Amino acid sequence: MTLKHVIIRIYLYFLLILFFITGGLAMFILAPLYKLAFAPKAQWKSLKPFLLWKHVYKVMWRSLSNKKYRDLYPSKITDAPQFQNSSEIMQLKASWQGAPDNCDKCENSCCAQISCPMLGENGRCLSYGSIYFGYYFCGRYPSNQGQVDLYDCPKWEVLNEAH
């Protein structure tokens, strides 16, 4: 399955590179392709393309310019997708009042703090379940104490740091 994971990541890298080479126009011209990779279950009317365009640049700038941030989200090109954090590493805090399977409308959620345009009106991620979600930061969050600290997350606590 490793080859499959490499191919999917290369595909996502290709979409991101195409986005930057075209100044974001590829996202508009190839909208169905981008929607399939980033938000296949979302309604077209729920997507905010200009906010998405701006957000991609903001996240990429943060990822490229902030080594500490980059180091909090390590991944290899061969890593399998993850759609939730590891129960061997993280557990719900006893004080968490929300549902275990989402962050509801937590004001401290990473999505809320970075003003992610993929956060729907109901507080749920429009990208959940997409290949992007599984292969990048979202599906792996949180996987270490640094991520919990960065967002002052009230939901998760670390059992064991992954090594």
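Model, not experiment: these values are computed from the prediction.
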Salt bridge (Lys or Arg N to Asp or Glu O under 4.0 Å) involving D71 - partner list, sequence neighbours excluded = K67
key: Beyond-backbone contact of N108 with K155, side-chain heavy atoms, under 4.5 angstrom   = no
Quick one: side chains of residues 84-92, donor-acceptor pairs under 3.5 Å with protein atoms, not counting sequence neighbours, listed by atom name and distance.
unit_1	atom_1	unit_2	atom_2	d
S86	OG	E88	N	3.1
Q91	NE2	E157	OE2	2.6

query = Members other than Y128 in its cluster, when Ile, Leu, Val, Met, Phe, Trp, Tyr link by side-chain heavy atoms under 4.5 Å?
reply = F83, F133
ask   = When you look at K93 and W156, which way does the side-chain contact (heavy atoms from CB on, under 4.5 Å) test go after all the steps?
value = CA-CA 5 Å; K93 286 183 180 177; W156 297 105; 5.9 Å; no
key: Sidechain-backbone polar pair: N66 side chain, S63 backbone, donor-acceptor under 3.5 Å   = no
remark   = Besides L64, the hydrophobic cluster formed by Ile, Leu, Val, Met, Phe, Trp and Tyr side chains linked at under 4.5 Å, directly or via other members, contains none
request  = Please list all pairs passing the side chain to side chain donor-acceptor pair (under 3.5 Å) test where one or both residues lie in residues 129-142, with sequence neighbours left out.
outcome  = H5-Y135, S127-S130
task = Just jot down the side-chain contact (heavy atoms from CB on, under 4.5 Å) partners of L33, sequence neighbours excluded, or say none.
result = Y11, L15, L30
query = Does the side chain of L12 reach to within under 4.5 Å of the side chain of I131, using non-hydrogen atoms?
reply = yes
Result block: side-chain N/O donor-acceptor pairs under 3.5 angstrom for residues 41-57, not counting sequence neighbours:
unit_1	atom_1	unit_2	atom_2	d
W53	NE1	G23	O	2.8

task = Kindly give the cluster partners of V59, where membership spreads through any ILVMFWY side chain lying under 4.5 Å from a current member.
result = none
request  = Look only at the side chain of Q82 and the backbone of G134, and say whether a donor-acceptor pair between them is shorter than 3.5 Å.
outcome  = no
inquiry  = If we ignore hydrogens and angles and just use 3.5 Å, is the side chain of Q97 paired with the main-chain N or O of S95 as donor and acceptor?
reply    = yes
query = Using a side-chain heavy atom cutoff under 4.5 Å and only I, L, V, M, F, W and Y, what cluster partners does L119 have?
reply = none
task = With sequence neighbours left out, write down each residue that passes salt bridge (Lys or Arg N to Asp or Glu O under 4.0 Å) with R124, or none if nothing qualifies.
result = D104
key: F20 atom CZ, over 12 foreign heavy atoms within 6.0 Å   = yes
remark   = By side chain to side chain donor-acceptor pair (under 3.5 Å), D149 pairs with (sequence neighbours left out) Q145
